[in-house]
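To start, the structure under review is shown below, and the notes come after it.
Chain letters run A, B, ... following the sequence lines, proteins first, then strands; residues in each count from 1.
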Amino acid sequence: MKKGDHLFLVDGSGYIFRAYHALPPLTRKSDGLPVGAVSGFCNMLWKLLSDARDTSVGVTPTHFAVIFDYSSKTFRNELYPEYKANRSAPPEDLVPQFSVIREATRAFDLPCIEAEGFEADDLIATYARLAREAGAEVTVISSDKDLMQLVGPQVSMYDSMKDRQIGVPEVIEKWGVPPEKMIDLQALTGDSVDNVPGIPGIGPKTAAQLIEQFGDLDTLLARAGEIKQNKRRENIIEFADKARISRELVRLRDDVEVTEKLEDLVLNPLDGPKLVAFLKGMEFTSLTRRVAEATETDASNIDAAQVAVDAAAEMRGPDLDPGQAAPVGEIDDTPQGLAKRRAEAAGSAKIDTSAYETLSELSELKAWCDQARETGLVAFDTETTSLDAMQAELVGFSLAIAETAPDTGELKVRACYAPLAHTNGAGDLLGGGGAQPGQMPMRAALDELKALLEDPAVLKVGQNLKYDMLVLAQHGITIESFDDTMLLSYVLEAGAGGHGMDSLSERWLGHKTISYKDVTGSGKSAIPFAEVQIDRATAYAAEDADVTLRLWHVLKQRLVSDGLASVYERLERPLAPVLMRMEGNGIRVDRQILSRLSGELAQGAAALEAEIQDLAGESFNVGSPRQLGEILFDKMGLPGGTKTKTGQWSTTAQALEDLAAAGHELPRKIVDWRQLTKLKSTYTDALPGFINPRTQRVHTSFAMAATTTGRLSSSDPNIQNIPVRTAAGRKIRTAFIAEPGNVLISADYSQIELRVLAHVANIPQLTQAFADGVDIHAMTASEMFGVPVEGMPSEVRRRAKAINFGIIYGISAFGLANQLSIERSEAGDYIKKYFERFPGIKDYMEATKVEAKEHGYVTTIFGRRAHYPEIRSSNPQVRAFNERAAINAPIQGSAADVIRRAMVRMEPALEKAGANARMLLQVHDELIFEAPEAEAEKIIPLIVEVMENAAMPAVDMAVPLKVDARAALNWDEAH
DNA sequence: CCTATCTCTTA
DNA sequence: GTAAGAGATAGGT
C-alpha cells in the first residue's frame with residue numbers, strides 16, 4: 001500500500017445490527033431460513049460498492065475489508081468483568097444469519113476479517129494505523145461513536161445510511177470535542193449499552209464542557225476539587241477510578257497481530273457469477289437482477305448456491321408453507337414475493353428532500369391535480385397550526401405522486417408543498433404577521449383541492465387521515481376513497497412497534513424523516529408552523545407525503561399477502577370517518593356544575609389536610625408519596641410497610657386501607673384526601689379547559705392505532721376514565737349533559753368479554769348460563785364452591801367474580817391473591833378448582849400460549865392480530881407477562897372488534913330510520929348518543945339491535961350479546 | 001424544561 | 001392477573 005491508495009474498512013458487526021433492525025422482522029426464504037439481516041447487509045454492501053466504484057463521486061477505494069466481532073469475550077472483560085455484561089443474547093432469528101453474512105461477504109469477493117479476543121473496532125483501529133503509516137487514506141464505514149477517536153487528517157468515517165461523511169469538524173460539531181479527546185469524553189460519560197461505567201450524572205454536554213475547561217481527563221481528575229457544583233465534584237472524586245477504567249475500555253487497540261496483510265485487501269473486480277449464484281440461493285430476486293445487470297451476467301444460466309442448509313432446517317418455522325414460495329430463480333409473483341420485493345425496493349430507495357417543489361401559482365397546483373387524476377393515486381398531508389384538529393387552522397398541504405408504479409425496482413416519487421397561510425413572525429418590530437410571499441389564494445386553492453379529494457376515482461393516501469379529514473371538514477371538504485398508512489401498519493403489526501410516520505419510515509424505508517421539532521423548535525422557543533419559512537416547510541411537508549406514498553406501496557401489498565385486507569377494510573378504514581364525526585360532534589359539559597364541584601372538593605380537601613397535618617404532628621406535602629411514606633413508616637413507625645422497586649415506601653390505596661383496618665386514623669384520611677384531590681385536579685379543574693370556544697363543547701381525540709388489542713384510546717381529554725364507581729366520582733358525570741330538548745343515550749354491552757370467552761373457549765356451562773340469562777358470577781360460584789345460587793352470601797359471589805375477571809386477564813395466583821387480599825396458596829387452590837370445573841378454559845389458555853409462541857401473535861375471532869414479540873423472552877417474568885397479555889388479547893380484542901362493527905353500521909342504520917341522533921363517545925363497551933328527546937324511545941331499540949347483532953354475519957357467536965340502553969339528561973343517569 | 005416514578009381513574 | 005391516559009412530585013438538564 002502506498003500514498004494515494006484508499007482503504008475502506010466496513011464495520012461488519014455494526015452493519016448486521018443496522019440491517020436487522022432496519023428491515024421487517026421474520027423475513028424468511030422459502031425453506032424457512034430467516035434472511036432479513038442478510039438481505040439488508042447485501043443491499044447495503046452492494047450500494048456501497050456501486051457508489052464507491054462510481055468514479056464521479058470522487059472517493060474510490062483501492063483496498064477494502066469487512067471486519068467482524070469474533071465473540072463477545074475480549075481482553076476488555078479481563079479489565080472489567082461487567083463490560084457488556086448487560087448485553088442480552090442476540091435475537092433468535094438473527095443468530096443463524098451471522099454465518100450466512102460472512103458467506104455473503106466472501107461471495108462479494110471481499111476479505112472477511114475477525115480476531116479472537118478483539119472487537120471489530122480494534123481491528124479497524126489497527127488497519128487504519130497500518131494504512132496511515134503507509135501514507136494511504138482510510139474511510140471507516142460506520143457511524144459508531146466508539147470509532148470516532150480514529151478520525152484525523154488521513155482517516156474519516158462514512159455513515160452510509162445517512163450518506164454522511166464524518167471528519168474532524170463533524171466530530172466536534174456532534175460531541176463538542178476533537179476526535180483525540182473522544183476517549184476522555186467517553187470515559188466520563190460511560191456507555192449504558194456496553195455497560196461502561198463512566199461518572200454518574202455526567203452526560204455528553206457536561207463532559208465536553210469539562211474537557212474544554214481542563215484539557216484532558218487526567219488534569220480534570222487531578223483538579224476535580226475546583227469544580228463548583230457540589231454533586232458533580234463529589235461524583236468525579238468518588239468515581240475517578242471508574243473513569244480511568246472506562247478510558248481503558250473505550251480506548252481502541254491499534255496493535256492487534258493481524259493475519260491478513262494490507263496487500264491482501266486489494267479490491268478486485270467483482271466476480272459476477274459467484275455473487276449472482278449466492279444471491280439467487282438467498283432468493284433476493286431484485287438484488288440478483290440488479291447485480292446481474294451491473295456485472296453483465298446472465299442470471300438464468302447460473303445455479304443458485306446452496307447456503308447454510310442446516311441452519312435453515314433448525315430455524316424453520318412451523319407456520320410456513322414452502323409450497324407457496326416460487327421456485328428459486330424465477331420471479332416470484334405470489335403476493336408474498338411481491339410484498340417482499342416491494343419492501344426491498346423501498347428499503348434501498350433514496351429520499352432527496354431538496355428535490356421537492358413549492359407551489360406558488362394556481363396553475364401549478366392544477367397541473368399536479370391533473371397528474372394525480374391521471375395516476376389515480378396521490379399521497380396527501382395537511383400542515384396546520386395545532387395538534388387539536390378542532391382548533392387547527394390550515395397552513396398548507398402537500399402531495400406526492402409516483403411517476404410509475406412498477407412491480408419491481410425503484411419507485412419514482414415526486415412531491416410538492418402548497419403553502420397557503422404562512423406568515424412572518426410576530427416578533428417583527430414593523431408589525432409582523434404579514435403573509436410570506438409566493439402563496440396562492442386560499443379559496444381558489446381549496447376549491448381545486450376539494451375537487452381532487454372528493455373525486456372517488458382517485459385514491460388518496462394519508463397518515464392518520466382522521467386528523468386531516470376533521471381539519472378539512474371545517475372547510476366543507478370530505479375525502480372520498482382513501483387509504484391510511486397508520487391503519488395499514490396497525491392491522492399488520494399491532495404490538496410490534498409504533499405506527500407514527502417517523503417509526504414507519506425508519507422501519508420500512510430505512511429513512512429518518514425531518515422531525516417536526518427541527519422545523520418549529522420546541523418548548524418555549526417553538527414557533528407556529530405558519531411562521532416557518534416556506535422553503536423549510538416544503539422540505540418537511542413534502543417529505544411527509546413522499547414517505548407516506550412509499551409506505552403505502554409496501555404496506556398495502558403486505559396487507560394482501562398476509563390475508564389481513566378484510567380486517568382493514570371492515571374494522572379499520574371505515575371507522576376513521578365515523579370517529580372523525582364523533583370527535584367533531586363533541587359533548588356538552590356544564591361549566592357551572594364542575595366549578596361548584598371544584599369548590600366543594602377544595603373545601604373538603606383543605607379540611608382533611610388540616611386534620612392530616614395535625615395527626616402527623618408536622619406540616620408536609622400530603623401529595624408526596626415519599627414524604628408521606630417517611631411520616632407513616634419512619635417517623636410514626638407503623639408496621640407492615642412494603643417498599644416499591646426503587647426502595648421507597650409504598651403508599652398505595654391498598655396499603656393505606658390495610659393500615660386503616662388496623663385501627664390507624666391517619667391513613668384513612670389520606671385515602672379520602674387523595675380521592676378528593678384526584679377528582680379535583682384530573683376532572684373538575686381540567687375539563688373546563690377542554691371546552692372549545694367555538695362550539696362550546698368538549699371534543700376528545702380517539703386514537704385508532706394506540707393499543708395492541710384493537711381497543712380505541714381517548715385523550716385530550718380522556719373520556720374513557722371518567723369516574724363512576726364512587727358516589728363522589730359520579731357527580732362528575734352529571735356535568736356531561738345533553739343540549740336543551742335533547743337527551744343522552746347510553747348503550748352498553750353486558751359482560752361482553754365473558755361472553756367472548758365462553759364463545760372462543762367453547763365452555764358449555766358458560767354458554768348455557770348466558771343463554772338462560774342467569775347471574776354469571778353466581779353460577780360460577782355455585783359450580784366452584786357447591787353453594788346454591790339462592791341465598792348465596794355476597795362474599796362467595798365476590799370471589800367468583802374476581803376469578804372470572806382474573807381468567808380474562810390471564811390469571812396468576814399472585815394477582816388473584818392481591819385482588820382478594822388472601823394468601824397466594826389459597827388463590828392457587830381456587831384457580832386449580834376453577835380449571836377442574838371448566839377444563840375448556842385451561843385448554844384455551846394453553847392453546848393461546850402455543851399459538852403466540854409459534855407465530856409471535858394471537859388472533860381475534862374477526863382475524864385481527866395482536867403481536868407479542870417478547871413472548872419467547874428468556875426472562876421468566878417478561879415471558880409470563882407476555883403470556884397473560886396474549887391470553888387476554890383475543891378476548892379483549894374480539895370485544896373491541898364487535899363494538900367497532902357496531903359503530904360502522906350505526907350511522908347508516910340511524911339514517912335509514914330517519915333519526916337525528918348523533919354518536920358522541922365510545923367507552924370500550926359503551927356508546928353514548930345525543931338525540932332529540934322525542935326520538936329517544938324510537939331509536940333505543942334500533943341502537944340495541946345494531947349492537948347485539950354486530951358480530952353477524954362474520955361470526956355466529958355461540959352466546960347471545962346483550963345490550964342495556966337508557967336515556968337521560970346527563971351521563972350519570974343515562975348510564 | 002424534560003423525564004421517570006408513583007398513584008389513580010376507567011373498561 | 002389485561003388494556004389505557006393523566007396529574008403531581010422529584011431529580012437532573
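Here Arg626(A) does not reach the OP1 or OP2 of dC6(B): none of its side-chain N or O atoms lies under 4.0 Å away. The side chain of Arg884(A) contributes an N or O atom lying less than 4.0 Å from OP1 or OP2 of dT2(C). Phosphate contact (OP1/OP2 of dA3(C), side-chain N/O of Thr709(A), threshold under 4.0 Å): absent. For Asn621(A) and dA8(C), the shortest distance from a side-chain N or O to OP1 or OP2 is not below 4.0 Å. Put simply, Arg725(A) has no side-chain N or O that comes within less than 4.0 Å of OP1 or OP2 on dT9(B). Here Thr682(A) does not reach the OP1 or OP2 of dC8(B): none of its side-chain N or O atoms lies under 4.0 Å away. The side chain of Ser713(A) places an N or O atom within less than 4.0 Å of a non-bridging phosphate oxygen (OP1 or OP2) of dG5(C). Taking side-chain N and O atoms only, Gln654(A) has no distance below 4.0 Å to OP1 or OP2 of dC8(B). The side chain of Thr726(A) places no N or O atom within less than 4.0 Å of a non-bridging phosphate oxygen (OP1 or OP2) of dT9(B).
Taking the six-membered ring for Trp and the full ring otherwise, Tyr834(A) and Phe838(A) have centroids separated by under 6.0 Å.
Taking a cutoff of 4.0 Å between a charged side-chain nitrogen and a carboxylate oxygen, Lys842(A) and Glu836(A) do not qualify as a salt bridge. Salt-bridge annotation for Lys466(A) and Glu583(A): present, with a side-chain N of the basic residue lying under 4.0 Å from a carboxylate O of the acidic one. Look at Arg668(A) and Asp672(A) and you find a salt bridge, because one of the NZ, NE, NH1 or NH2 atoms lies within 4.0 Å of a carboxylate O, short of that distance.
Distances were taken from every side-chain heavy atom of Thr652(A) (C-beta onward) to each of dT7(B), dT2(C), dA11(B); the shortest belongs to dT7(B). The side chain of Asn721(A) lies closest to dT10(B), out of dC8(B), dT10(B), dA11(B). Among dA3(C), dC8(B), dT9(B), the nucleotide with an atom closest to any side-chain atom of Gln675(A) is dT9(B). When distances run from any side-chain atom of His975(A) to the nucleotides dA3(C), dT7(B), dA11(B), the shortest one goes to dA11(B). Closest to the Ser681(A) side chain, of the nucleotides dT7(B), dT2(C), dG7(C), is dG7(C). Of the listed nucleotides (dA3(C), dT9(B), dT7(B)), dA3(C) has the atom at the smallest distance from the side chain of Thr707(A). Residue Val724(A) places its side chain closer to dT10(B) than to any other of dT10(B), dT7(B), dA4(C). Side chain of Asn888(A), nearest nucleotide from dG5(C), dT9(B), dT2(C): dT2(C).
Here dA8(C) presents its C1' atom at 16 Å from CG of Leu676(A), a figure rounded to the nearest Å. The nearest whole Å value for the distance from the CD atom in Glu753(A) to the P atom in dA4(C) is 13 Å. One interatomic measurement links the two molecules: OH of Tyr683(A) to P of dG7(C), which rounds to 9 Å at whole-angstrom precision. Residue Arg730(A) contributes atom CZ, which lies 10 Å from atom P of dT10(B) at whole-angstrom precision. As rounded to whole Å, 10 Å separates atom C1' of dA3(C) from atom OH of Tyr490(A). Between Gln892(A) atom CD and dT2(C) atom P the separation is 11 Å, expressed in whole Å. For Arg755(A) and dA11(B), the CZ to C1' distance is 16 Å, given to the nearest whole Å. If you take CG of Asn718(A) and P of dA3(C), they are 16 Å apart, rounded to a whole angstrom.
Among the atoms of the strands shown, base atoms are found under 4.0 Å from some heavy atom of Ala802(A). Among the atoms of the strands shown, only primed sugar atoms or phosphate atoms (P, OP1, OP2) are found under 4.0 Å from some heavy atom of Ser714(A). Note on Asp748(A): nothing from the nucleic acid sits closer than 4.0 angstrom, heavy atoms only. Residue contacts shown for Gly623(A) are limited to sugar-phosphate atoms, with no base heavy atom under 4.0 Å away. Ile722(A) comes within 4.0 angstrom of the backbone, heavy atoms only, and of no base. Ala653(A) comes within contact range of the sugar-phosphate backbone alone, with a heavy-atom separation under 4.0 Å but no base atom that close. At the heavy-atom level, Thr644(A) lies under 4.0 Å from the strands shown only through sugar-phosphate atoms. Within 4.0 Å (heavy atoms only), Ala706(A) reaches sugar-phosphate atoms of the nucleic acid but no base atom.
No hydrogens or angles considered: a donor-acceptor pair under 3.5 Å links the side chains of Ser746(A) and Glu926(A).
Of the possible polar contacts, none joining the His664(A) side chain to the Leu656(A) backbone as a donor-acceptor pair under 3.5 Å is found. Proximity of a side-chain donor or acceptor of Tyr749(A) to a complementary backbone N or O of Ala895(A) within less than 3.5 Å is not detected.
Nearer to the 5' terminus of DNA chain C, by closest-nucleotide assignment, is the contact made by Leu712(A) (compared with the other of Ser624(A) and Leu712(A)).
Residues Glu826(A) and Arg799(A) come closest through the heavy atom pair OE2-NH1, 3.3 Å.
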